[in-house]
Amino acid sequence: MSSIKKLPFHLTNTLTRKKEEFVPLNPPHVGLYVCGPTVYSDVHLGNVRSFTTFDVLYRWLMHIGYKVRYVRNITDVGHLVDDIDAGEDKIAKRARLEQLEPMEIVQKYTNGFHDVMRLFNLRNPSIEPTATAHLIEQIQMVERIIANGYAYEANGSVYFDVPKFAAKYNYGELSGRKIDELLSNTRDTEGQEEKRSPLDFAIWKKAEAMHLMKWPSPWGEGFPGWHLECSVMSTKYLGQTFDIHGGGMDLKFPHHECEIAQSIAADGTTPVRYWMHGNMLTVNGRKMAKSEGNGFTPEELLTGNHKLLERGYSAMTVRFFMLQSHYASTLDFSNAAMQASEKGLEKMLAAVATLDKLKGGSGDVSPEVAALEQACYDAMNDDMNTPIMIAHLFDGVRTINSANPASSAGQAGKLALSGADVERLKTLFNAMLFEVLGLRKEEEVVGNSEALDGVMQLMIAMRAEAKATKNFALSDKIRDQLVALGITIKDTKDGTVWEHA
RNA sequence: GGUCGCGUGGCCGAGUGGCUAGGCACAGCUCUGCAAAAGCUGCUACUGCGGUUCGAAUCCGCACGCGACCUCCA
């Protein structure tokens with residue numbers, strides 16, 4: 001039958017700020033690197049949004065036929081807290097607070113991160129490297145950068161020489177910074193006397209005596225710089241130049257800018273061909289962030305136990321909510337928006353259930369169904385436009401419901417779908433909804449045992465008896481009280497069915 | 001202060017020059033003992049002021065409002 005056009009895929013390259021056709025370096029293979037979490041505290045919903053964006057990207061690339069190596073790191077060393085704690089490792093600080101070994105903290109929050117990823121149905125990356133497991137490679141990269149003259153040692157630390165690099169290369173290309181402007185905007189450099197320029201950044205940092213996480217190096221005991229691990233691990237597993245690097249918008253500068261500089265300084269190669277940046281999740285217009293204190297954990301989300309939440313929402317509701325906006329737009333969290341998504345997702349999944357029961361008549365795939373299918377692929381291939389794709393699926397929902405003979409509506413069932421149409425729609429909805437968007441049917445909240453279904457069949461039969469004798473008071477009482485228990489009864493043409501509300 | 005971006009109907013949120021996005025909410029109708037679900041119909045917006053154009057939410061300028069980054073952050 002009519003074949004769909006699955007390619008080409010276009011994405012917005014934030015390096016060029018243009019939408020470009022995606023052409024892998026070595027098709028059909030694709031190298032994808034995404035900056036993972038720093039495992040020193042719980043991930044919040046804003047983090048989840050970013051990882052979800054790249055989860056869908058990963059899924060989409062595979063769906064359209066690429067073989068993807070997806071690398072997402074775990075940052076378990078190295079980032080500084082703030083001025084007060086200058087020189088002290090973030091993870092070490094937390095360890096002291098909680099009286100735990102640093103690696104215990106790392107393990108704890110890594111486990112927590114994985115739990116969250118499972119909850120939101122994110123696929124595991126191909127490789128999930130940790131910074132602490134790549135210290136040798138990081139030291140080697142520092143050595144290469146020094147050897148090439150773009151870094152210098154000072155008092156046991158090693159700094160990247162930004163002005164020297166910028167003299168020859170385009171430092172600031174990704175984030176649109178200009179070195180003069182950066183210099184004029186520099187804050188006070190207190191405690192940074194070792195740096196030749198305030199723009200220089202540490203690629204190896206000397207550890208103070210009280211520092212808990214430190215390793216020997218040619219420059220003494222210390223730990224790797226903030227941006228080094230991503231350069232090292234992406235190079236190691238994807239090559240000196242690879243296809244796509246993703247991360248949150250807030251990592252663009254300085255993190256990703258420094259990654260580019262490091263790779264060029266160390267190996268002379270531009271590391272990334274396509275940069276992708278996901279936008280922020282906001283709450284009342286402000287970025288959700290640890291420092292803002294406006295984040296909530298997935299656990300709080302599910303239970304609704306947080307001052308921002310009117311009630312709890314399921315992980316799939318949230319996932320659907322996020323995918324109903326474009327990844328490059330900011331997305332504002334609100335209870336009203338969550339409830340709208342909840343209803344929408346229910347409607348979508350109900351249509352999928354209906355679709356499973358449809359038989360369909362004779363005939364070929366209709367042009368309308370073929371067009372719907374193509375529209376979904378086109379939307380996804382246009383910079384991964386999930387909201388448009390979902391809008392098309394909702395058009396499909398109307399088609400499905402209109403073709404449903406079990407519906408009691410007069411006009412329903414009039415729209416004829418062929419058996420081929422039904423099969424095609426099943427394939428499409430399964431692919432888009434579950435495989436690509438990564439949604440899944442919610443597990444039944446209440447234990448859905450055979451016993452419960454038996455009880456329900458009994459209740460339905462008793463209610464049918466009451467209705468048969470026009471005892472509507474009793475039949476309504478049964479239905480209303482079931483509603484109070486979270487069970488909905490629907491009278492359809494094919495009989496009465498029940499479901500969890 | 002610098003850089004970048006945003007401002008769409010009751011709410012969320014797509015859309016980059018002309019042709020109804022979609023979801024939620026709301027109203028009417030169909031169906032129905034009543035509901036629920038579903039279908040149909042209605043609600044037709046683009047911060048303000050100029051400009052370009054036959055034509056602008058969409059391009060340009062200015063103003064106002066908001067945000068992100070410039071410091072760890074998805």
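A note on names: the letters A, B, ... follow the listed sequences, proteins ahead of strands, and every chain is numbered from 1. The figures here come from the full heavy-atom set of this structure, side chains too, leaving out hydrogens, waters and symmetry mates. All figures in this text were calculated on a predicted structure; none of them were measured in a lab.
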If I take atom [atom1] in residue [X] and atom [atom2] in nucleotide [N], what distance separates them, rounded to the nearest angstrom?
X      : N     : atom1 : atom2 : result
A:E257 : B:C4  : CD    : P     : 14 Å
A:R177 : B:G5  : CZ    : C1'   : 12 Å
A:N335 : B:A25 : CG    : C1'   : 15 Å
A:E292 : B:U71 : CD    : P     : 17 Å
A:L281 : B:C73 : CG    : C1'   : 14 Å
A:M249 : B:G5  : CE    : C1'   : 7 Å
A:L345 : B:C24 : CG    : C1'   : 13 Å
A:K290 : B:U71 : NZ    : C1'   : 15 Å

When the [atom1] atoms of [N] and [M] are considered, how many whole Å apart are they?
N     : M     : atom1 : answer
B:A25 : B:G13 : C1'   : 14 Å
B:U16 : B:A57 : P     : 14 Å
B:G9  : B:G5  : C1'   : 23 Å

I want to check a possible cation-pi pair here: A:R196 against A:Y159, using under 6.0 Å from ring centre and within 45° of the ring axis as the test.
no

Do A:K287 side-chain and B:C73 base share a donor-acceptor contact under 3.5 Å?
yes

Can you find a donor-acceptor pair, distance only, under 3.5 Å between A:R17 side chain and B:C4 base?
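Side chain to base: no pair present.
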
Hey, mind stepping through A:D55 and A:R49 against salt bridge (charged side-chain N to carboxylate O under 4.0 Å, His left out) and telling me if it holds?
CA-CA 10 Å; A:D55 180 54; A:R49 185 188 183 200; over 6 Å; no

Using a 4.0 Å heavy-atom cut-off, does [X] contact any base of the nucleic acid, only the sugar-phosphate backbone, or nothing at all?
X      : value
A:M288 : base
A:K470 : nothing
A:G278 : nothing
A:K490 : base
A:M280 : base

Would you please name every residue forming a side-chain contact (heavy atoms from CB on, under 4.5 Å) with [X], sequence neighbours left out?
X      : value
A:H326 : A:A328, A:S329, A:D383, A:N385, A:P387
A:T297 : A:D42, A:E299, A:E300
A:N294 : A:V283, A:R286, A:M288, A:E292
A:N121 : A:R59, A:M316, A:R319, A:R440

With sugar-phosphate taken as primed atoms, P, OP1 and OP2 and all else as base, the protein-contact string of nucleotides 6-22 of chain B at under 4.0 Å (heavy atoms; B, S, -) is ------SSSS-----BS

Quick check, does A:F51 stack with B:A74? I mean ring centres under 5.5 Å and planes off by under 30°.
no

Would you please name every residue forming a salt bridge (Lys or Arg N to Asp or Glu O under 4.0 Å) with A:K347, sequence neighbours left out?
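With sequence neighbours excluded, A:K347 shows a salt bridge (Lys or Arg N to Asp or Glu O under 4.0 Å) to no residue whatsoever.
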
For A:C35, the option from A:R72, A:E229, A:H255 that meets side-chain contact (heavy atoms from CB on, under 4.5 Å):
A:H255

Look at the side chain of [X] and decide which nucleotide, out of [options], has an atom nearest to it.
X      : options             : value
A:E181 : B:U3, B:A38, B:A74  : B:U3
A:K347 : B:A36, B:G33, B:C24 : B:C24
A:D491 : B:C34, B:C70, B:C24 : B:C34
A:F253 : B:A74, B:C69, B:A37 : B:C69

Checking A:Q324 against A:S341: is there a side-chain donor and acceptor pair closer than 3.5 Å?
yes

Could you pull out all residues at least two apart from A:Y169 that satisfy ring-ring contact (aromatic ring centres under 6.0 Å, His included)?
A:F165

Pair up each side-chain donor or acceptor in residues 352-361 of chain A with any protein partner under 3.5 Å, not counting sequence neighbours, and list the distances.
from   : atom 1 : to     : atom 2 : distance (Å)
A:T354 : OG1    : A:A350 : O      : 3.0

Taking a pair as Watson-Crick (N1 to N3 plus N6-O4 or O6-N4) or G-U wobble (N1-O2 and O6-N3), both under 3.5 Å, which stems of 3 or more consecutive pairs involve RNA chain B?
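The stems that RNA chain B takes part in, listed by first number, are B:1-7 with B:64-70, B:10-12 with B:22-24, B:26-30 with B:38-42, B:47-51 with B:59-63.
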
